[in-house]
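What follows is one structure encoded as structure tokens, with my remarks underneath.
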Amino acid sequence: MPEIFNNIFADSTQTTISAWKFLLCIGISLLTGIMYLFAASFRSRTTSSFRYSLALLPSVVCVVIMMVNGNIGIGVAIAGAFSLVRFRSAQGSAKEISLIFMTMCSGLIAGVGYLAYALLFTVIMCLLSVAGNIISAKAAEKSTDKTLKITIPEDLDYSDIFDGIFSEFTDTHELAGVKTTNMGSLFRLTYHVRLKPDASEKAFIDALRVRNGNLEIALLKEEEKNDL
């Protein structure tokens, strides 16, 4: 039975990876992926598909590296095959891209056989990721930067209609975009604002409602910027 795991193309210049070493590398890679999963989810919201990718990506990279096993021809073929892959999802944030590169590095280290280094690298990166999540969460709690979305009638001149309210409740404000909605009968304005430390969000919204005819108003966290 052990012979079925041998490489039928193996010769004096190419060795076969034993089954138990293969499983050990896969197991360590899965462990590093699970560690990244929990680190990315700590005090941070991530999608289920992203968490799934973090858990499995190290194992995939590990298997690819083990199968190359020093063969330059196979390495070039795999690089060409992966160059054909096109992701249809939207580009992730800088944090998500960094986590993907971290998981790939852990899988690469495990694939070349340095299992202890793979675990050590993963532990260091996970601790840094958790520390970053904690710092970001505390900064977000204290931040007064907001994204303001206001719906106004099409006949209302929005160029300076809210300037008085902004000067009273905000330190800075910037019109980020304008979009028509409801068959062109309404405008949706998107502002980036920084509220004054003692400003009341309810009073700010109430003042805006008087100017926009009590139409829809949304005051969001700065990191939750969506399409205009």
- Query: For the side chain of N212 and the backbone of T151, is there at least one donor-acceptor N/O pair under 3.5 Å apart?
  - Reply: yes
- Query: Could you state the interatomic distance from CD1 (I109) to CG (L120), rounded to the nearest 0.5 Å?
  - Reply: 9.0 Å
- Query: Does M102 offer a backbone N or O that forms a donor-acceptor pair with the side chain of Y36 under 3.5 Å?
  - Reply: yes
- Out of curiosity, T103 OG1 to M125 CE, how far, rounded to the nearest 0.5 Å? 12.5 Å
- CD1 of I161 to CG of L208: how many Å apart, nearest 0.5 Å? 10.5 Å
- If you take all heavy atoms of A207 and F169, which pair is closest and at what distance? CB-CE1, 4.2 Å
- D171 and K196: salt bridge (charged side-chain N to carboxylate O under 4.0 Å, His left out), yes or no, with the steps? CA-CA 6 Å; D171 288 328; K196 293 182 177 179; 5.2 Å; no
- Task: Assess whether side chain to side chain contact (heavy atoms under 4.5 Å, CB included) is satisfied between R188 and V178, documenting all intermediate values.
- Result: CA-CA 6 Å; R188 179 176 295 172; V178 181; over 6 Å; no
- Message: Looking at S29 and C25, would you say the former's side chain and the latter's main chain have a donor-acceptor pair under 3.5 Å?
- Response: yes
- Option passing side-chain hydrogen bond (donor to acceptor under 3.5 Å, both in side chains) with N133 (candidates K138, R43, K95): K95
- Closest non-hydrogen contact found for L99 with A40 is CD1-CB, 3.6 Å
- Task: Could you tell me whether the side chain of L37 reaches within less than 4.5 Å of the side chain of Y52, counting heavy atoms only?
- Result: no
- Item | H173 and D163, any side-chain heavy atoms less than 4.5 Å apart | yes
- Task: Check the pair T190 / K179 against side chain to side chain contact (heavy atoms under 4.5 Å, CB included), numbers first and verdict last.
- Result: CA-CA 8 Å; T190 300; K179 179 181 179 181; over 6 Å; no
- Query: Hey, quick one: are I28 and W20 part of the same hydrophobic cluster, counting side-chain heavy atoms closer than 4.5 Å, chains of contacts allowed?
  - Reply: yes
- Query: Are the side chain of S41 and the backbone N or O of F38 linked by a donor-acceptor pair below 3.5 Å?
  - Reply: no
- Query: Hey, what do you get for CG (L115) to SG (C62), rounding to the nearest 0.5 Å?
  - Reply: 7.5 Å
- Item | Linked, directly or transitively: I100 and M35 (ILVMFWY side chains, under 4.5 Å) | no
- Are I135 and F42 in one and the same hydrophobic cluster, where Ile, Leu, Val, Met, Phe, Trp and Tyr link if side-chain heavy atoms are under 4.5 Å apart? no
- Query: Taking side chain as C-beta onward, heavy atoms only, is T32 less than 4.5 Å from F121?
  - Reply: no
- Task: Determine whether L31 and L56 fall in the same hydrophobic cluster, where Ile, Leu, Val, Met, Phe, Trp and Tyr are linked whenever their side-chain heavy atoms lie under 4.5 Å apart.
- Result: no
- Task: Determine whether I26 and M66 make a side-chain contact, defined as any pair of heavy atoms from C-beta on separated by less than 4.5 Å.
- Result: yes
- Query: Can I65 be reached from L119 by stepping across I, L, V, M, F, W or Y side chains whose heavy atoms are under 4.5 Å apart?
  - Reply: no
- Item | From CD1 (I217) to CZ (R211), nearest 0.5 Å | 11.5 Å
- Does the side chain of T170 come within less than 4.5 Å of Y191's, by heavy atoms? no
- Smallest heavy-atom separation, T46 atom then R51 atom, equals O-NH1, 2.5 Å
- Note on the structure: Value for CG (L215) from CZ (R209), rounded to nearest 0.5 Å, stands at 10.5 Å
- Side-chain touch T181/F187, heavy atoms, less than 4.5 angstrom: no
- When the ring planes of F166 and F162 are compared, do they come out parallel, tilted or perpendicular, using 30° and 60° as the limits? tilted
- Message: Is any side-chain heavy atom of Y158 closer than 4.5 Å to one of L175?
- Response: yes
- Item | Closest contact, heavy atoms only, T122 versus A118 | OG1-O, 2.7 Å
